[in-house]
Amino acid sequence: MGFFLGKKNAGKGTYSSLLREIFGTDKIATVALGDLVREIHANWDDYKTTDEYQNLKKFYRGYISFDEAVERLHGRSQSTLLPTEFVLALLKTRIAKVGKKAIFLDGLPRDIDQISYSLFFRDLANYRDDPDFFMMIDIPMSVIDERIKYRVVCPNCNNSRNIKLLITKRIEYDESSKSFHLLCDNPNHGDIMMVRKEGDDLGIKPIRERLEKDEEILRKVFEEIHGVPKIMLRNHVPAAEADKYFDRYELTPEYVLSWDEKKKKVEVEEKPWTVKDDNGVESYSLLAPPVAVTLIKQLSKVLNLL
Ligand SMILES: [Zn+2]
């Protein structure tokens, strides 16, 4: 059981799905609190008929009544507003449903006072024989900022790409607005133009407080918690040291798009992309695969697979 720590948009979802691809969905499951809450909220009538719901009712104990906690889940509430006791019961019931797999949890701890719950959550969820550990993603604010600012989403399948950092195979140019549009790569539907979400142009501004809280939790666990193994994943590498440890193709490039009027074709130029990390050091951001390799190396050490 691994607890994912790191800022929102740090890539927890990406690394989880890479792990599932490598080890198989029969061996690995990811439980993300935010997704879980959204899923239950959207399918409430069906959910109420399941054993999982009965278990949730059985497991829950806390300062507000079960019905009130459910009401909060349905309210415009994000998972942040749910009481910790309810969050623990939600995660426990979902883990019981997932069964005996390695589980990666995203969403606990969400706050400083939830750190100590995560220390005992393995026992709470009846996972006492399996090792547990923290997985921490160290990523600069500036990388997340650019990921949000240039993010585009498919309105049909929700696939997410980035017009600057993660493009699709086919790109269209709109001559009237002089803008470029990515077409979603999903083979399950026809050509669909990916669009920007409202507010994304603000980057991390609206979520800065959340990001700082996430970082504070990570630092606290990293520096102060003993007895639980820790895996540290670094998203970035100082530009001055990059050549020593990484190949060019392992670093996130920047794509510069231009319109070739003669050929009537979108030209894509790839160039190195650097940002300042949180300490002002010029850095490259690593692509997901090299980070996943260090994750697997550390994981096998933590799980005594070596
Ligand atoms: Zn799509």
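One-based numbering, in listed order, for ligands and for the atoms of each. All residue numbers in this chain count up from 1 along the given sequence. Computed from a predicted model, the values in this text were never measured in an experiment.
- In this structure, Lys92 is positioned above the aromatic face of Phe59, its NZ or CZ under 6.0 Å from the six-membered ring centre and within 45° of the axis.
- Inspection of the environment of the Zn ion (ligand 1) yields the following protein N, O or S atoms under 2.8 Å: Cys154 SG, Cys157 SG, Cys184 SG, His189 NE2.
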### Query
What do the steps show when you test Gln298 against Leu233 for side chain to side chain contact (heavy atoms under 4.5 Å, CB included), and what is the final call?
CA-CA 9 Å; Gln298 294 180 73; Leu233 304 174; 4.0 Å; yes
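- The environment of Lys8 atom NZ is sparse: at most 12 non-hydrogen atoms of other residues, nucleotides or ligands sit within 6.0 angstrom.
- In terms of modelled atom types and a separation under 3.5 Å, the side chain of Thr168 and the main chain of Asp185 share no donor-acceptor contact.
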### Task
Start with the C-alpha gap between Glu261 and Glu175, add the side-chain angles, then the distance that decides, and say whether side chain to side chain contact (heavy atoms under 4.5 Å, CB included) holds.
CA-CA 10 Å; Glu261 187 59 49; Glu175 295 193 51; 4.2 Å; yes
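- In this structure, Lys48 and Tyr53 approach most closely via the heavy-atom pair O-CD2, 3.3 Å.
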